[in-house]
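See below for the structure under consideration.
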Amino acid sequence: MRNGVGKMNFYRIQDKIVSWQQIERTLQKVLQMRSRGFSQQETADRLHIDRTFISRLESIGELRKGQSLACVGFPVLNKAEIEDILEKGGVDYIFLMTEQERLDFVNSLSGKELLNQLMNLVAKVRTYDVVILLGSDERLKLMEGVLNSQVISIELGVSPITEDKWVDPAEIRKILRSVKSAR
C-alpha cells in the first residue's frame, strides 16, 4: 500500500494488522527519550510500554565497550580519504575497493579461487564485533544475513552498482564517534 509520502508497511498477524511505521516511531521516541536522560521506567510510563521491552531494545542495539571494528565496502570513489578516516578512527580491519579494483579482483581468479577468497573474507569479517558495510542495497542485505556481528550499513545505491560512489566523510566520522563513545 502507498500513501502520498512513501511505502506503508502493514503486516497481518492472525486477526491484527500491524503498522511498521507505528513501531518505528515508537522505537525512535524510546531512544530519543533515553538519550535525553529519561529512565527506562519514565520512558515506559510515558509511552505506555513495558520497561523490560526498553531494556531488551537497548540490548539488541548496544555496541559494547571494547568491541573490535571492521569496515568493508565497494565501489568507493573516495577510497583513500575514507581509508584515512577509518585508520585514524581506530578501525581494526579495512577492506575497501573501487569498481575497477573489484572487477580486477573478480576477473583475476577462477570460480573456485574466487569462492575461496570470498569465504576467507567472510570468515575474517565475522570475527569482528562491529562491521561497517558500504555497498548496494542487495549486497548489504546479503552481508547482513551472513555476518553475526553488529552491522552498520551505508547504502551506496541500488544494485547493481557499476560505478564508484562517493562516501560522505562526515557520515563515516559520525559513525566512528558513536561507536567510539560506546567502546
Side-chain angles (χ1 to χ4, degrees), residues 1-73 82 85-95 122-159 167-183:
M1 303 180 111
R2 290 178 85 53
N3 66 11
V5 178
K7 186 176 181 187
M8 299 294 289
N9 292 313
F10 296 104
Y11 299 90
R12 178 173 292 283
I13 302 172
Q14 297 174 345
D15 63 343
K16 296 181 264 187
I17 295 180
V18 177
S19 164
W20 170 249
Q21 287 73 20
Q22 182 62 31
I23 292 170
E24 189 174 36
R25 279 192 296 273
T26 302
L27 294 177
Q28 287 175 344
K29 287 177 189 174
V30 166
L31 296 176
Q32 288 169 351
M33 290 178 71
R34 292 287 292 133
S35 67
R36 290 195 327 245
F38 287 87
S39 71
Q40 288 181 350
Q41 191 61 58
E42 290 169 323
T43 303
D45 291 345
R46 287 190 184 198
L47 298 178
H48 308 290
I49 56 179
D50 292 331
R51 187 208 56 78
T52 56
F53 172 76
I54 294 172
S55 176
R56 290 182 182 148
L57 175 65
E58 291 176 9
S59 293
I60 290 169
E62 182 178 12
L63 302 178
R64 297 184 193 275
K65 294 181 181 181
Q67 289 186 324
S68 56
L69 182 60
C71 182
V72 176
I82 298 303
I85 293 167
L86 293 168
E87 287 171 7
K88 289 178 180 171
V91 175
D92 303 299
Y93 179 73
I94 302 167
F95 186 82
V122 169
K124 181 168 186 67
V125 173
R126 283 177 59 99
T127 65
Y128 292 89
D129 299 310
V130 179
V131 180
I132 301 168
L133 295 176
L134 313 169
S136 70
D137 57 346
E138 293 300 319
R139 298 292 182 268
L140 293 175
K141 285 181 201 173
L142 177 67
M143 288 303 292
E144 288 169 357
V146 170
L147 297 176
N148 59 345
S149 313
Q150 175 73 30
V151 175
I152 301 168
S153 296
I154 300 174
E155 186 176 313
L156 301 181
V158 177
S159 191
V167 176
D168 185 355
E171 186 174 4
I172 298 297
R173 286 185 187 98
K174 181 179 174 186
I175 290 169
L176 292 176
R177 276 194 304 274
S178 296
V179 171
K180 213 175 230 182
S181 68
R183 281 179 140 177

Contact between [X] and [Y] at the side-chain level, heavy atoms closer than 4.5 Å - yes or no?
{"X": "Leu47", "Y": "Ile54", "answer": "no"}
{"X": "Val179", "Y": "Ile152", "answer": "yes"}
{"X": "Val146", "Y": "Val125", "answer": "no"}
{"X": "Asp129", "Y": "Gln150", "answer": "no"}
{"X": "Ile172", "Y": "Ile154", "answer": "yes"}
{"X": "Leu140", "Y": "Val151", "answer": "no"}

Once you round to the nearest 0.5 Å, how far does [atom1] of [X] lie from [atom2] of [Y]?
{"X": "Gln22", "Y": "Glu24", "atom1": "CD", "atom2": "CD", "value": "10.5 Å"}
{"X": "Gln40", "Y": "Met33", "atom1": "CD", "atom2": "CE", "value": "12.0 Å"}
{"X": "Leu176", "Y": "Ile132", "atom1": "CG", "atom2": "CD1", "value": "5.0 Å"}
{"X": "Arg36", "Y": "Leu31", "atom1": "CZ", "atom2": "CG", "value": "11.5 Å"}
{"X": "Glu171", "Y": "Ile85", "atom1": "CD", "atom2": "CD1", "value": "11.0 Å"}
{"X": "Leu27", "Y": "Gln32", "atom1": "CG", "atom2": "CD", "value": "11.0 Å"}

Just by distance, do the side chain of [X] and the backbone of [Y] share a donor-acceptor pair under 3.5 Å?
{"X": "Asp137", "Y": "Val158", "value": "no"}
{"X": "Asp168", "Y": "Ala170", "value": "yes"}
{"X": "Gln21", "Y": "Asn9", "value": "yes"}

**OP:** Identify the heavy atoms of Ser68 and Thr127 that sit nearest to each other, and give their distance.
**Re:**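 Looking at all heavy atoms of both residues, the shortest contact is OG-O, 3.9 Å.
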
Original post:
Looking at Arg139 and Ser159, what are the two nearest heavy atoms and their distance?
Top reply: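 Arg139 and Ser159 have their closest heavy atoms at NH1-OG, 3.8 Å.
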
Original post:
Who pairs with Ser39 by side chain to side chain donor-acceptor pair (under 3.5 Å), at least two apart in sequence or on another chain?
Top reply: Glu42

Original post:
Mind checking what makes side chain to side chain donor-acceptor pair (under 3.5 Å) contact with Glu144, not counting sequence neighbours?
Top reply: Ser153

Original post:
Considering residues at least two apart in sequence or located in another chain, which fulfil the ring-ring contact (aromatic ring centres under 6.0 Å, His included) criterion with Tyr128?
Top reply: Tyr93

**OP:** Could you walk me through whether Arg46 and Phe38 pass side-chain contact (heavy atoms from CB on, under 4.5 Å), step by step?
**Re:** CA-CA 10 Å; Arg46 287 190 184 198; Phe38 287 87; 3.3 Å; yes

Check salt bridge (charged side-chain N to carboxylate O under 4.0 Å, His left out) between [X] and all other residues, then give those that pass, not counting sequence neighbours.
{"X": "Arg34", "answer": "Glu58"}
{"X": "Lys141", "answer": "Glu138"}
{"X": "Lys16", "answer": "none"}

Original post:
Taking atom CZ of Arg25 as the centre, does the number of heavy atoms from other residues, nucleotides or ligands within less than 6.0 Å exceed 12?
Top reply: yes

**OP:** Just do the side-chain contact (heavy atoms from CB on, under 4.5 Å) check on Ile49 and Val30 with the steps written out, would you?
**Re:** CA-CA 10 Å; Ile49 56 179; Val30 166; 3.6 Å; yes

